[in-house]
Amino acid sequence: MISQKTIDTVKATAPLLAQTGPSLTAHFYQRMFSHNPELKDIFNMSNQRNGDQREALFNAICGYANNIDNLAALLPAVEKIAHKHTSFMITAEQYAIVGGHLLATIDELFSPGQEVLDAWGEAYGVLADVFIKREEEIYQENESKNGGWRGTRQFEVVDKRQESNMITSFTFKPVDGGPVTPFKPGQYLGIYLKPDDFEHQEIRQYSLSSAPRQDSYRISVKREDGGKVSGYLHDTLVVGDKVALAAPAGDFFLEVEPTTPVALISAGVGLTPTLSMLETLTGHQAEVHWLHAAENGAQHAFREQVRTIADQHEHISVNTWYREPLTSDRPTEDYQHQGLMDLGSLKDNLTTPGMHYYFCGPVGFMQHIGKQLINMGISEDRIHYECFGPHKVL
């Protein structure tokens, strides 16, 4: 338990840190990577350069300080981050390193005195223990499952397939020939890459894009402009190559009763987790709505697969939006709507009592969808979403 004195001190000094903004975490990361450059093999350095990771950490620090006397409010965020940390194989020793640099950053920027530093040290230690214990539970759960493992495991690329002009799928089978641990539709896979021309090891998480299989995993990756890892996967990785994978993880996954209506909503490569869900729901006892937004037909991945699934299962309906269709795109057949996704046009179908909504895509798209669902009177406990990269609150 955190002492009341520590709670009071942290709450009293939190506004000072908040006024500093993400420059606080910029100083922290610069300091940490200077003293512990080996951590560059764990952190996504692209997110460092664009500021996303700094913003996410700053928001996390402020959120913790504001809820230090109500840790229960932080549990959803803890679960999300803990899953991501296990995909990076974060250790208790690394928490100590991070804590040391965080306190040193506070001291160097504010010189608040030992009493304040001790309070933040105690507060950080309590939170770190929460993460360490939860992450150890996840490590043990992954290791104990049939086909499970701890750490990384060697896999071979057995299939590489272009799904659109932006998205390519990769199927992996374990080199040891054993089974693979099952996952929950919506979860992601951690991939570790260190080719000769990479300065640092790069770790990325990609959503699994198929229903669970006994002997393999599939991910589908969008080529990002200037993306080091996505470019390597698209241009260099080929069938027969070996990669190291961490076990599936993630707190965004399909979890409904067989009679619960479901809406799967996505844009662009955000369809990867919802496609895994769709394949899993082919035997569902309630209605399933697939809603997807793409720029045009050239960027529309898995079009034929989704259409085939819907044709074979009468409880599944498909609606697709193209923002700017090509002249070769066929209205009603390739897409049913033009422009931005408007749920209001399907409100009667999307407000079935008890329906749950799972959506994924660019942050702007998800904010657009989340606002529409709230305006339709959907309760937040039936709204589920996933952000790629550092988490953002919608």
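Just so we're clear, the structure is a prediction, and the values are computed from it rather than from any experiment.
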Exercise for the section: Flag the pair Lys133 and Glu136 as a salt bridge only when some basic side-chain nitrogen lies within less than 4.0 angstrom of an acidic carboxylate oxygen. Expected result: no
Handout entry: Under-4.0 Å salt bridge between Asp159 and Arg218
Key = no
Problem - Glu287 and Met355: CA distance, side-chain angles, deciding distance, side chain to side chain contact (heavy atoms under 4.5 Å, CB included) verdict - result: CA-CA 9 Å; Glu287 61 192 88; Met355 181 175 286; 3.6 Å; yes
Minimal non-hydrogen separation, [X] against [Y], with atom names:
X	Y	result
Asp251	Pro76	OD2-O, 4.2 Å
Ala128	Tyr95	CB-CD2, 3.9 Å
Ala298	Ser164	O-CB, 3.4 Å
Thr280	Pro212	OG1-CD, 4.0 Å
Met376	Thr351	CE-CG2, 3.6 Å
Ile203	Asp41	CD1-O, 3.6 Å

Do [X] and [Y] have side-chain heavy atoms sitting under 4.5 Å apart?
X	Y	answer
His83	Phe252	no
Gln205	Phe88	yes
Leu278	Leu271	no
Lys184	Leu254	no
Val288	Ser317	no
Leu17	Phe58	no
Thr171	Arg213	yes
Leu346	Leu291	yes

Practice task
Go through the steps for Asp176 and Arg153 under the test salt bridge (Lys or Arg N to Asp or Glu O under 4.0 Å), then give the verdict.
Solution key: CA-CA 9 Å; Asp176 58 29; Arg153 183 179 177 188; 2.9 Å; yes
Exercise for the section: Using the side chain to side chain donor-acceptor pair (under 3.5 Å) rule, take Thr168 and His234 through it: C-alpha gap first, then chi angles, then the decisive distance, then the call. Expected result: CA-CA 7 Å; Thr168 296; His234 277 253; 3.3 Å; yes
Handout entry: side-chain contact (heavy atoms from CB on, under 4.5 Å), paired with Ile42, selected from Met89, Gln94, His200
Key = Gln94
Are there more than 12 heavy atoms of other residues, nucleotides or ligands under 6.0 Å from atom [atom1] of [X]?
X	atom1	value
Asn146	CG	no
Arg161	CZ	no
Glu304	CD	yes
Gln312	CD	yes
Gln4	CD	yes
Glu255	CD	no
Gln30	CD	no

Problem - His356 vs His384, side chain to side chain donor-acceptor pair (under 3.5 Å): CA-CA, chis, key distance, verdict - result: CA-CA 8 Å; His356 277 246; His384 318 275; 2.8 Å; yes
Practice task
Decide side chain to side chain contact (heavy atoms under 4.5 Å, CB included) for His289 and Asn319; before the verdict, give the C-alpha distance in whole Å, the side-chain angles of both, and the deciding distance to 0.1 Å.
Solution key: CA-CA 8 Å; His289 298 275; Asn319 278 273; 5.7 Å; no
Exercise for the section: Please confirm whether His292 and His300 have ring centers closer than 6.0 angstrom. Expected result: yes
Practice task
Please assess Arg323 against Glu295 for the test salt bridge (Lys or Arg N to Asp or Glu O under 4.0 Å), listing each intermediate value before the final yes or no.
Solution key: CA-CA 5 Å; Arg323 194 176 74 87; Glu295 189 72 11; 2.7 Å; yes
May I ask you to list the residues sharing a hydrophobic cluster with [X], side-chain cutoff 4.5 Å, ordered by chain and number?
X	result
Val175	none
Val158	none
Tyr206	Trp149, Phe155, Val157, Phe170, Phe172, Val180, Phe183, Leu189, Ile191, Leu193, Phe198, Leu208, Tyr217, Ile219, Val221, Val229, Tyr232, Leu233, Leu237, Val239, Val243, Leu245

Practice task
Say whether Ile138 and Phe253 are linked into one hydrophobic cluster, either directly or through other cluster members, by side-chain heavy-atom distances under 4.5 angstrom.
Solution key: no
Handout entry: Side-chain donor-acceptor contact under 3.5 Å, Ser3 with Thr6
Key = yes
Exercise for the section: Could you tell me whether the side chains of Ser169 and Glu163 share a donor-acceptor contact shorter than 3.5 Å? Expected result: yes
Practice task
List the steps and the verdict of salt bridge (Lys or Arg N to Asp or Glu O under 4.0 Å) for Glu333 and Arg303.
Solution key: CA-CA 10 Å; Glu333 189 170 350; Arg303 177 174 55 199; over 6 Å; no
Practice task
Please work out whether the ring planes of His101 and Phe28 are parallel, tilted or perpendicular, with thresholds of 30° and 60°.
Solution key: perpendicular
Practice task
Kindly indicate, with the supporting measurements, whether the criterion salt bridge (Lys or Arg N to Asp or Glu O under 4.0 Å) is fulfilled by Arg204 and Glu224.
Solution key: CA-CA 13 Å; Arg204 296 293 187 273; Glu224 301 289 350; over 6 Å; no
Handout entry: Test log, rule side chain to side chain contact (heavy atoms under 4.5 Å, CB included), inputs Arg134 and Glu137
Key = CA-CA 5 Å; Arg134 178 57 187 135; Glu137 291 174 353; 3.1 Å; yes
Exercise for the section: Would you give the length of the straight line joining atom CH2 of Trp290 to atom CD1 of Ile265, rounded to the nearest 0.5 angstrom? Expected result: 11.0 Å
